[in-house]
There are 2 protein chains.
Amino acid sequence: MKALPPVRILSACDRCEVRRKSICNAVKPVLQKEISRISRVRTFEAGNTILAEAEDSVFLGIVMSGILRVQRTMADGRQQIVGLLLPADFFGRVFERTSGVAVEAATDVTLCCFERHAFERLLSRSPELEHQMFLAVLRELDAARDWMLLLGSQTIPERVASFFLILHRRTTVIEPDMPSRKRRLSVHVPISRHDMAAYLGTTVETISRVIQDMSRRGIIEIHSPQHFGILDEKRLVRCSGREELSIGHRCLADEPHMAVG
Amino acid sequence: MKALPPVRILSACDRCEVRRKSICNAVKPVLQKEISRISRVRTFEAGNTILAEAEDSVFLGIVMSGILRVQRTMADGRQQIVGLLLPADFFGRVFERTSGVAVEAATDVTLCCFERHAFERLLSRSPELEHQMFLAVLRELDAARDWMLLLGSQTIPERVASFFLILHRRTTVIEPDMPSRKRRLSVHVPISRHDMAAYLGTTVETISRVIQDMSRRGIIEIHSPQHFGILDEKRLVRCSGREELSIGHRCLADEPHMAVG
DNA sequence: GCCGTTCTTTGATTCAGGGCAAAGAACGCT
DNA sequence: AGCGTTCTTTGCCCTGAATCAAAGAACGGC
């Protein structure tokens, strides 16, 4: 008796939009199945806390849609965003009871969640998965160091320009066939001025002033509070003080991020 | 014929002072031997560049003595120290040709070096070693995020106070039997004012002014430009704006660092 | 010891960016 | 559509920290 052709059961993961960019794509199918088995999709509204700063982190996962902010808050209320997570990015701190950072929904979000201990067991059994996580955390550390340069050595206008360029880079699918001259450059800033300020180490007022000024000087164009056009890319790069952020220039920050929150 | 009792050959590693605190201690003896085989002790004078920012990173290793600074430099010369490596800390970027940060000797240093590819081969063969590296990088990321809070949200006096407390924490062997009241608190700052400024995101002049002011107010005592006494720990903690830096309070930053340079 | 170099401190001045207050826009909600 | 709430912009003032300049201290070499 002949064996029937294998029937492929579609799991939720097979329809996952971020899969090919996330850690799931980097491991063998058999492992993907195991990940799939312990995963659970959850949604949160903008403003909700996914993981609190002091609390035990019981789960972690991958952003499917929306934006997460990873932040630390001081006793007197000052807060610093230490990471912004876009779809396909990983959040949560493995191998530590608590991480000392909070993870919050900056917009409505859909997350693919794992119970932390289950995921850690998987990591322990699978060096391949752990290797991929290791690579992701290394990239995240590179990005964190890059941000330290921004916070420690750059002026506010430079930070804003850098932010636009990095955001553009991370959200744009590179289309090399289209001549960059003709391409209409636009950036969508998916967060509020308040979050921008907390990310760039400044205040909402200053953010606003800098943006208006860049617009007045014809470097950018304000379509709406969150949508901008880049009118003069070269000048924007010059404003950022960092040649390496020039569009087309590859860099480490392109890779998905990893929040250890 | 009876087997002779095993003869233990002492390798350089057996005399290594930082071994018990470094990654070597966290893996099995058989692996330690393998690490030992590919290691080579090298020394550099203060000011030397171990790894340049743009160059290929051909080796990596562990600090045995002295201090390394991990830094990024902007086109116009501004530079930010993104990590300070003390004995037992790991430096170098695995799985990447170049890391975009420079590693320099802040003092005369002794390093236990590995050729990068040889070390990576070892990592690939040994999930245990990779796991330990993974943990170390996770801790380093925690520390980087902590520093982002410092650079993005704290005033300069707060940064200086935090720096003293963190340094004290990292260089003091905790002696719980000795009553903390009576313990003479002292900090040795192993780097120049210039490096402090580059680490804290400010200038030498401001660093100097803040230190002199803290001394005038009786919070610290200046024994020499690099040696200080902590006269009023409580007030120093209050200056830092961060209760969690209070001496005796455990935190993630206590662990050895990992420079991905 | 003396002397040049580098590191640190101090003073005077300037200015980028923060804080406060209020007006204006955008976004629900019913 | 009308209205309250939240988000963003703008103006004014002020302060923390950078900059410039120069004096002191510490260090290394001979």
Side-chain angles (χ1 to χ4, degrees), chain A residues 45-48 67 69 74 76-80 105-108 150-163 188-217 220-228 239 241, chain B residues 45-47 67 69 74 76-80 106-108 150-163 188-217 220-228 239 241:
Chain A
E45 287 181 359
N48 280 10
I67 312 278
R69 56 171 182 254
M74 288 178 52
D76 63 5
R78 279 176 286 180
Q79 52 185 37
Q80 179 65 38
T107 66
D108 292 353
L150 181 140
L151 293 174
S153 300
Q154 297 191 255
T155 65
I156 309 292
E158 286 173 339
R159 297 183 205 183
V160 173
S162 299
F163 178 68
H188 172 223
V189 176
I191 54 172
S192 67
R193 294 283 183 275
H194 180 266
D195 283 351
M196 269 188 82
Y199 197 29
L200 299 176
T202 180
T203 60
V204 280
E205 296 95 325
T206 301
I207 292 279
S208 178
R209 277 186 261 266
V210 169
I211 288 178
Q212 298 301 321
D213 185 59
M214 291 202 320
S215 157
R216 243 172 276 123
R217 296 198 290 152
I220 60 167
E221 183 177 36
I222 304 171
H223 300 137
S224 84
Q226 302 210 330
H227 291 86
F228 304 89
C239 279
Chain B
E45 286 182 359
I67 312 279
R69 54 172 184 252
M74 290 178 52
D76 64 3
R78 280 176 285 179
Q79 53 185 36
Q80 179 65 38
T107 66
D108 291 352
L150 181 141
L151 293 175
S153 301
Q154 297 193 255
T155 65
I156 309 292
E158 284 174 339
R159 298 183 204 184
V160 173
S162 298
F163 177 69
H188 172 222
V189 176
I191 54 172
S192 67
R193 293 284 182 274
H194 179 267
D195 283 351
M196 270 188 80
Y199 197 27
L200 299 175
T202 181
T203 60
V204 280
E205 295 94 325
T206 302
I207 292 279
S208 178
R209 274 186 258 269
V210 168
I211 288 177
Q212 298 301 320
D213 184 59
M214 292 202 317
S215 155
R216 244 173 274 121
R217 295 197 292 151
I220 60 166
E221 181 177 37
I222 304 170
H223 300 136
S224 83
Q226 303 210 328
H227 292 85
F228 304 89
C239 280

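Here is the naming used below: chain letters follow the sequence lines, and residue numbers restart at 1 for every chain. Worth knowing before you read on, the calculation uses all heavy atoms, side chains too, and leaves out hydrogens, waters and symmetry mates.
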> Which part of the nucleic acid does A:T203 contact within heavy-atom distance under 4.0 Å: base, sugar-phosphate only, or nothing?
Replying inline: sugar-phosphate
>> Without decimals, in angstroms, what is the distance between B:H223 NE2 and D:dA26 P?
In response: 14 Å
> Taking CG from B:L200 and P from D:dG16, how many angstroms apart are they, rounded to a whole number?
Replying inline: 19 Å
> Within the modelled atom types, does a donor on one side and an acceptor on the other bring the side chain of A:R209 and the base of D:dG11 under 3.5 Å apart?
Replying inline: yes
> So what does A:S192 hit on the nucleic acid, given a heavy-atom distance under 4.0 Å: a base, only sugar-phosphate, or nothing?
Replying inline: sugar-phosphate
>> Quick check for you: among D:dT10, D:dA26, D:dA18, whose closest atom lies nearest to any side-chain atom of B:P225?
In response: D:dA26
> B:R159 or A:I211: which one's nearest nucleotide on DNA chain D is closer to the 5' end?
Replying inline: A:I211
> Taking atom C1' of D:dT5 as reference, at what distance in whole Å does atom NE2 of A:H194 sit?
Replying inline: 16 Å
>> Counting the atoms with a prime plus P, OP1 and OP2 as sugar-phosphate, which does B:S224 contact under 4.0 Å by heavy atoms, base, sugar-phosphate, or nothing?
In response: nothing
> Atom CD of A:Q154 and atom C1' of C:dA16: how far apart are they, to the nearest Å?
Replying inline: 15 Å
> What is the minimum heavy-atom distance between A:D108 and A:A46, and which atoms define it?
Replying inline: OD1-N, 2.7 Å
> Which nucleotide in the list C:dA26, D:dA17, C:dT8 gets nearest to the side chain of B:P157?
Replying inline: D:dA17
> Between B:T155 and D:dG16, does any side-chain N or O lie under 4.0 Å from OP1 or OP2?
Replying inline: no
> For A:T202 and C:dG18, is the shortest distance between a side-chain N/O and OP1 or OP2 below 4.0 Å?
Replying inline: yes
> Roughly how many Å is it from CD1 in B:I191 to C1' in C:dT8, rounded to a whole number?
Replying inline: 14 Å
>> Side chain of B:S208 only, heavy atoms from C-beta on: which candidate in C:dG17, D:dA18, C:dT8 is closest?
In response: C:dT8
> Between C:dG18, D:dA21, C:dG19, which one does the side chain of A:E205 approach most closely?
Replying inline: C:dG19
>> Nearest whole Å is fine: how far is D:dC7 C1' from A:Q212 CD?
In response: 13 Å
>> Expressed as a whole number of angstroms, how long is the span from A:M214:CE to D:dT8:C1'?
In response: 16 Å
>> For a quick test of reading the model, state the closest non-hydrogen atom pair linking B:R159 to B:L151 and the distance between them.
In response: NH2-O, 3.2 Å
>> Taking B:D213 first and then B:R217, would you say they form a salt bridge - that is, a charged N and a carboxylate O separated by under 4.0 Å?
In response: yes
>> If I compare all heavy atoms of B:T155 with all of A:R78, which pair ends up nearest, and what's the gap?
In response: N-NH1, 4.2 Å
> Considering all heavy atoms of both residues, which atom of B:S162 and which atom of B:Q154 are nearest to each other, and what is their separation?
Replying inline: OG-NE2, 3.6 Å
> When the distance from NE2 of A:H227 to C1' of C:dA26 is rounded to whole Å, what number comes out?
Replying inline: 14 Å
